[in-house]
Engineer: 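Below: one structure in structure tokens.
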Amino acid sequence: MKKTIFMIVMTMLAFMALPVNAQESVLRTLNVSKQVKPDRNHPLTKQYEGFFTYYIRLNLPDIDKVPQAYKRALTAVRDTVISKATGIQYQKGDKNYQKLIALFETKMLDNLEEMIAFMDESERDRYKPLFQWLVEYSGQLNESASANPMVSDIPFFQFFLEKTEFIGNSWYKVCNLVFDCHTGQLLTIEDLLAMTEANENAITELMRKEFRTRHPQGTDYDYHVYPSASFEISELGINFYIPTDEVTENQLEYVFVDRDALRPYVKKGSLLDKYWK
């Protein structure tokens with residue numbers, strides 16, 4: 001799934017503002033993959049030869065290289081991304097992520113055993129004698145942060161996170177995490193837009209108007225068109241992510257709403273209010 005044009009625009013603007021000697025990356029990639037088979041005498045995983053394969057590739061802030069003024073914020077970003085991706089809290093002092101990965105593997109093996117335990121006999125017969133679970137987590141911070149966060153006037157860090165799982169069928173999830181670049185706080189749409197009931201209805205109608213223009217005959221996932229938890233900010237407006245409920249590569253759509261249309265609903269004093277002024 002390719003990133004949208006709006007993230008690309010933000011990246012280009014950020015790099016145009018960078019002095020030549022300020023482009024040293026402050027990111028380090030957590031890149032690990034492994035096939036894991038339970039090394040314990042659990043009757044179900046032993047009977048069904050259960051194992052899982054995982055791939056993790058997350059472009060995370062290298063806290064040792066982060067400018068002092070941004071250490072606190074990007075430490076919070078790193079910890080939140082790790083938790084959102086793997087379901088495991090970052091272990092303090094774990095610079096090489098070895099403790100994190102060990103805890104992740106233990107958690108996934110526990111989940112694997114639970115999944116097999118909750119299957120009925122017909123489901124188990126489908127997988128017998130092999131039960132394979134594939135997970136892949138990947139994502140990266142937008143380049144305005146990876147080059148040098150101190151030279152950009154964009155007040156947000158944005159992290160594009162993708163999660164794929166395969167157990168007979170495939171599940172694909174994507175979200176764009178938006179952070180306050182001063183504090184590292186993960187932001188919701190309510191932090192940026194004044195989401196009263198009337199405003200939410202008005203914003204939803206703006207989104208549906210754009211959606212109907214692209215899909216005049218309607219779709220079977222129209223009910224997903226509302227201000228959801230995942231969105232992307234640019235200087236031009238907000239891009240909302242719309243799940244399609246499909247299990248193909250077309251599992252995600254975008255609905256863009258122009259900033260001029262959204263301006264009446266921007267929360268006063270918010271980062272978005274300051275950014276769009």
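Position 1 is the first residue of the sequence, and the numbers go up from there.
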Engineer: For side chain to side chain contact (heavy atoms under 4.5 Å, CB included), just list the numbers for Thr219 and Thr244, CA-CA rounded to whole Å, side-chain angles, deciding distance to a tenth of an Å, and then say yes or no.
Structural biologist: CA-CA 9 Å; Thr219 70; Thr244 67; over 6 Å; no
Engineer: Kindly indicate whether the side chain of Pro227, heavy atoms from C-beta on, has any atom under 4.5 Å from the side chain of Met195.
Structural biologist: yes
Engineer: Would you say the side chain of Tyr275 lies within less than 4.5 Å of the side chain of Ile233, judging by non-hydrogen atoms?
Structural biologist: yes
Engineer: Quick check for you: to the nearest 0.5 Å, what is the distance between Phe157 atom CZ and Leu74 atom CG?
Structural biologist: 4.0 Å
Engineer: With sequence neighbours excluded, what pairs up with Lys34 under the side-chain contact (heavy atoms from CB on, under 4.5 Å) test?
Structural biologist: Val36, Tyr54, Glu105
Engineer: Would you please name every residue forming a side chain to side chain donor-acceptor pair (under 3.5 Å) with Gln91, sequence neighbours left out?
Structural biologist: none
Engineer: Fit a plane to each ring of Phe52 and Phe104, take the angle between them on a 0 to 90° scale, and name the class: parallel (under 30°), tilted (30 to 60°) or perpendicular (over 60°).
Structural biologist: perpendicular
Engineer: Could you report the tightest heavy-atom contact between Lys277 and Asp273, atom names first, then the distance?
Structural biologist: CG-O, 3.0 Å
Engineer: Heavy-atom count around Arg72 CZ within 6.0 Å, excluding the residue itself: above 12?
Structural biologist: no
Engineer: Please confirm whether the backbone N or O of Leu100 pairs with a side-chain atom of Asp94, one donor and one acceptor, at under 3.5 Å?
Structural biologist: yes
Engineer: Parallel, tilted or perpendicular: which fits the ring planes of His215 and Tyr221, with parallel below 30° and perpendicular above 60°?
Structural biologist: perpendicular
Engineer: Between Tyr241 and Tyr254 (judged by ring centroids, cut-off 6.0 Å), do the two rings come close enough to count as a pair?
Structural biologist: yes
Engineer: Walk me through whether Asn239 and Phe231 qualify under side chain to side chain contact (heavy atoms under 4.5 Å, CB included).
Structural biologist: CA-CA 6 Å; Asn239 219 24; Phe231 58 94; over 6 Å; no
Engineer: Sequence neighbours excluded, which residues qualify as side chain to side chain donor-acceptor pair (under 3.5 Å) partners of Glu136?
Structural biologist: none
Engineer: If I compare all heavy atoms of Ile242 with all of Val225, which pair ends up nearest, and what's the gap?
Structural biologist: CD1-CA, 4.0 Å
Engineer: Give a yes or no on whether Lys84 atom NZ has more than 12 heavy-atom contacts from other residues, nucleotides or ligands under 6.0 Å away.
Structural biologist: no
Engineer: Hey, are the side chains of Phe166 and Tyr172 touching, using non-hydrogen atoms and a 4.5 Å cut-off?
Structural biologist: no
Engineer: Under the salt bridge (charged side-chain N to carboxylate O under 4.0 Å, His left out) rule, what pairs show up with a residue in residues 256-266, not counting sequence neighbours?
Structural biologist: Asp260-Arg263
Engineer: Is there a side-chain contact between Phe156 and Leu187 (heavy atoms, below 4.5 Å)?
Structural biologist: yes
Engineer: Does a side-chain heavy-atom distance below 4.5 Å link Phe256 with Ile238?
Structural biologist: no
Engineer: Answer yes or no: are there more than 12 heavy-atom neighbours, outside Gln89 itself, under 6.0 Å from its atom CD?
Structural biologist: no
Engineer: Taking all non-hydrogen atoms of both residues, which atom of Leu192 and which atom of Ser270 are closest, and how far apart?
Structural biologist: O-OG, 3.5 Å
Engineer: Using side-chain heavy atoms (C-beta onward) and a distance below 4.5 Å, is Trp133 in contact with Thr53?
Structural biologist: no
Engineer: For the pair Glu190 and Lys267, find out whether any cationic side-chain nitrogen is under 4.0 Å from an anionic carboxylate oxygen.
Structural biologist: no
Engineer: Nearest 0.5 angstrom please: Lys163 NZ to Thr86 OG1, how far?
Structural biologist: 8.0 Å
Engineer: Of all the heavy-atom pairs spanning Cys181 and Ala73, show the shortest one and how long it is.
Structural biologist: O-CB, 3.5 Å
Engineer: Side chain to side chain contact (heavy atoms under 4.5 Å, CB included) between Tyr97 and Ile82: does it pass, once the steps are laid out?
Structural biologist: CA-CA 10 Å; Tyr97 302 112; Ile82 286 174; 3.7 Å; yes
Engineer: Can you list the steps and then say if Val266 with Leu193 is a side chain to side chain contact (heavy atoms under 4.5 Å, CB included)?
Structural biologist: CA-CA 4 Å; Val266 173; Leu193 302 178; 4.1 Å; yes
Engineer: Would you check if Val26 and Pro67 make a side-chain contact, meaning some heavy-atom pair closer than 4.5 Å?
Structural biologist: yes
Engineer: If only side-chain N and O atoms count, and only distance matters, is there a donor-acceptor pair under 3.5 Å linking Thr204 with Asn201?
Structural biologist: no
Engineer: Using the salt bridge (charged side-chain N to carboxylate O under 4.0 Å, His left out) rule, take Lys95 and Asp64 through it: C-alpha gap first, then chi angles, then the decisive distance, then the call.
Structural biologist: CA-CA 9 Å; Lys95 291 186 178 181; Asp64 290 337; 3.6 Å; yes
Engineer: Minimum heavy-atom separation for Ala76 and Gly184, please, with both atom names.
Structural biologist: CB-O, 3.8 Å
Engineer: How about Lys99: does its NZ atom have over 12 heavy atoms from other parts shown lying under 6.0 Å from it?
Structural biologist: no
Engineer: Going from CG on Leu272 to CG on Asp191, what distance comes out if it is rounded to the nearest 0.5 angstrom?
Structural biologist: 11.0 Å
Engineer: Given Glu165 and Lys173, is the salt bridge (charged side-chain N to carboxylate O under 4.0 Å, His left out) satisfied, shown in steps?
Structural biologist: CA-CA 9 Å; Glu165 297 188 31; Lys173 297 179 182 178; 5.8 Å; no
Engineer: Nearest 0.5 Å, please: how far is CD in Glu205 from NZ in Lys209?
Structural biologist: 8.5 Å
Engineer: His224 versus Phe240: any side-chain heavy-atom pair under 4.5 Å?
Structural biologist: no
Engineer: Please name all residues satisfying side-chain contact (heavy atoms from CB on, under 4.5 Å) with Ala261, sequence neighbours left out, ordered by chain then number.
Structural biologist: Leu206, Val257
Engineer: Who passes side-chain contact (heavy atoms from CB on, under 4.5 Å) against Asp79, sequence neighbours left out?
Structural biologist: Thr75, Tyr90
Engineer: Should Glu232 and Asn176 be marked as a side chain to side chain donor-acceptor pair (under 3.5 Å) after you check the CA-CA gap, both sets of side-chain angles, and the distance that decides it?
Structural biologist: CA-CA 6 Å; Glu232 179 183 1; Asn176 193 60; 5.2 Å; no
Engineer: For Glu162, is there an ion pair with Arg57 - N to carboxylate O distance below 4.0 angstrom?
Structural biologist: no
Engineer: For residues Pro61 and Leu141, report the shortest heavy-atom separation together with the two atoms involved.
Structural biologist: CG-CD2, 4.3 Å
